[in-house]
Structures are given as C-alpha cells and as structure tokens.
J.: 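Take a look at this one; I'll ask things after.
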Amino acid sequence: MSLDNTPEQSQLGRTSTYADRYDPGLLFPIPRAAQREAMGIATRPLPFFGADLWTAFELSWLNPRGKPQLAIAHFTVPCETPNIIESKSFKLYLNSFNSTVFADAEAVRGRLRADLSEAVWRGSERAEGIGVKLMAPQMFEREQIHELDGLDLDRLDIECTQYQPAPELLSSDATQVPVTEALSSRLLKSNCMVTGQPDWGSVQIRYSGPPIDQAGLLAYIVSFRNHNEFHEPCAERMFWDIWRRCQPTKLAVYARYTRRGGLDINPFRTSWPQALPSNTRMARQ
C-alpha cells in the first residue's frame, strides 16, 4: 500500500511547535514515485543505484543523569526506498531527542535506525534498514573538508540565459574517442518546491563515453537556478537527462547541498554498482 503524503501536507512553510520529548510521529515520509514518473524514470527496475547521504549536525539527548550528550550523525538512505523524509520533519524529529533520556549513544543510534528505516520503507512490502553512524565529540577534530574532485567547469566563461532545467543544452560528440573523466561545479542552485527557499549545492559528474560538451553541461547545471524541486529528484533529473542526451556508457552524479536546519542532503546516483562516496563535507557545508 503506497503513501498519499504530498509535500504540501508537510510542515514546510508553517509555524511549528518544537517538541522536546522523543516523538517518531514527527517524521513525514513522501513517496519518490510521483516525481520519478513525472520525469519518465521507470521505478521498476530503477535505471540507477545509489543513496542519499544525510548529515545531522544538531543531535543531542540526555544521559541517565540528565547531562546533555551530543553527536554528529551520518545517515545512508538507499535510493531504492519508496520514500524520502521531508527535511523539516526530520529536523523536528531530531529536536525531539533534546530532553529525552537514553542509556547511551548506541541506544540513540538504534532508535534512529529503527524509526528512519520504518519511515523510508513505509508502504512497501520490503522492510529493510538504513545506515546510521554517530560521531562522538572526541572525533570532531578528525572531520575533514574536501571539495569535489574533477575538472572545474566553473572556469568556463559562458553566457547563461536559461534558469529552468534545459536538457537541450546537453550534448556529446560520438565521433570522438571515448573518455573517462570527472567534471564538477559549485554553481548548482535550486529551490525548495514548497517554500521557494534557495538550496545551494555543488555537483560532480563522472562518466565514460563520448566527450560531453563542457560549456553545455555547465549551462545545464546553471539552468536549475529557479527550479523548485527537492534535492533527491534534482540529482535524479540530472542523471536521467545526461544519460539520455549524452549516452555515456557509465555515469555517476553526486550532488552535495549546503545544510539547512542543521541537516545537509547529498544524493548519489550511478549507473553501475560501486562503493558510495565518503560523506565528507565541503567548505560551504
């Protein structure tokens, strides 16, 4: 049985009461299928592998003596899950831990994994888990900052005139020798599909196949600038447009968005099975 939740029914753009006691009912899953179908992406089987890598920088709870504890949390949500979690509901859910007592960090991790797994798989016959990793404060100094690898597309001096996704800007040259390369840009920007608030990000495109026109690819990335869509379908739209228009033999799209409400979302989609990228933040995150 599928969910009927829509973004408009979520807490986005509304005044919210912040619960100070643990409440898993705050999580608001939204089905992925509607936006995928609107893009022409088959849902069974999906044309890609991957996951959404979340980072939560505002996670705290109380130990049995009432002393606040905190951690940075990393979440790995497979793209096969039928639902995403609306980010404001995720923030409200995490804040509900603030005045709740847990025995230790492992109890917190177990609760997070159980609740989030149920939400992203809700309505599906499958009932699998997601990845949850907590980083304790004594590990914070080991946190690294690393920009996306790849040739910097932003070096190109191009004219930009389109600010809604324009796949017609994409092309490749099948008469040339196939290449394997990584290209990156910090000029990705889209907007929340409900509130219209800006979402800032960077993107890396790795591919094998006929050379992709770099100026057209950069103009295509910029064309998301006034587009209203959640982070995850933005990455999937990029993957699908490049896959169809440029016809690479291999393709991976990795988008890293700046945090909002203490959360960042980093979708990764790939045409072939491979290890997920490390969830290492960038300077703007």
J.: Are the side chain of Arg155 and the backbone of Asp152 linked by a donor-acceptor contact shorter than 3.5 Å?
T.: yes

J.: Could you state whether Met139 and Leu112 fall into the same hydrophobic cluster, counting links through intermediate Ile, Leu, Val, Met, Phe, Trp or Tyr residues with side-chain heavy atoms under 4.5 angstrom apart?
T.: no

J.: Given side-chain contact (heavy atoms from CB on, under 4.5 Å), test Ser87 with Arg260 step by step and report yes or no.
T.: CA-CA 9 Å; Ser87 60; Arg260 181 186 293 168; 5.9 Å; no

J.: Check side chain to side chain contact (heavy atoms under 4.5 Å, CB included) between Arg259 and all other residues, then give those that pass, not counting sequence neighbours.
T.: Phe57, Asp264, Arg281

J.: Are side-chain heavy atoms of Val194 and Glu86 found at a separation under 4.5 Å?
T.: no

J.: Please determine whether residues Met39 and Met193 belong to a single hydrophobic cluster, defined as Ile, Leu, Val, Met, Phe, Trp and Tyr linked transitively by side-chain heavy-atom distances below 4.5 Å.
T.: no

J.: So, Arg237 and Asp241, do they make that salt bridge, N to O below 4.0 Å?
T.: no

J.: With clusters defined by side-chain heavy atoms of hydrophobic residues (ILVMFWY) lying less than 4.5 Å apart, directly or transitively, does Ile158 cluster with Val203?
T.: yes

J.: Give a yes or no answer on whether the side chain of Ser190 reaches the backbone of Phe224 with a donor-acceptor pair at less than 3.5 Å.
T.: no

J.: For the residue pair Phe102 and Phe97, categorise the inter-ring angle as parallel (less than 30°), tilted (30 to 60°) or perpendicular (more than 60°).
T.: parallel

J.: Quick one: does Ser172's side chain have a donor or acceptor within less than 3.5 Å of a partner on Cys246's backbone?
T.: yes

J.: Has Arg109 got a side-chain atom pairing as donor or acceptor with Lys133's backbone, closer than 3.5 angstrom?
T.: no

J.: Taking salt bridge (Lys or Arg N to Asp or Glu O under 4.0 Å) as the definition, give me every residue that meets it alongside Glu128, ordered by chain and number, with sequence neighbours left out.
T.: Arg126

J.: Is the positively charged end of Arg269 above the ring of Phe239, judged by distance under 6.0 angstrom from the centroid and angle within 45° of the axis?
T.: no

J.: So does Leu251 get a backbone contact from the side chain of Ser271, meaning a donor-acceptor N/O pair under 3.5 Å?
T.: yes

J.: Please answer whether the main-chain N or O of Gly201 pairs with a side-chain N or O of Arg284 as donor and acceptor at a distance below 3.5 Å.
T.: yes

J.: Under 4.0 Å between a side-chain nitrogen and a carboxylate oxygen: does that hold for Lys91 and Glu58?
T.: no

J.: Does Thr100 use its side chain to pair, donor to acceptor, with the backbone of Ser96 at less than 3.5 Å?
T.: yes

J.: Name the one of Phe90, Tyr93, Trp54 that satisfies ring-ring contact (aromatic ring centres under 6.0 Å, His included) with Phe75?
T.: Phe90

J.: Quick check: does any side chain N or O of Asn83 sit under 3.5 Å from a backbone N or O of Ala119, one acting as donor and the other as acceptor?
T.: yes

J.: Spell out, as yes or no, whether a donor-acceptor pair under 3.5 Å connects the side chain of Gln164 to the backbone of Asn226.
T.: yes

J.: Classify the ring geometry between His231 and Tyr257 as parallel (under 30°), tilted (30 to 60°) or perpendicular (over 60°).
T.: tilted

J.: Do you reckon Leu188 sits in the same ILVMFWY cluster as Phe230, going by side-chain contacts under 4.5 Å, direct or chained?
T.: no

J.: Within the side chain of Ser60, is there an N or O that forms a donor-acceptor pair under 3.5 Å with the backbone of Asn98?
T.: no

J.: Listing request: all ring-ring contact (aromatic ring centres under 6.0 Å, His included) pairs with a residue in residues 140-172, at least two apart in sequence or in separate chains.
T.: none

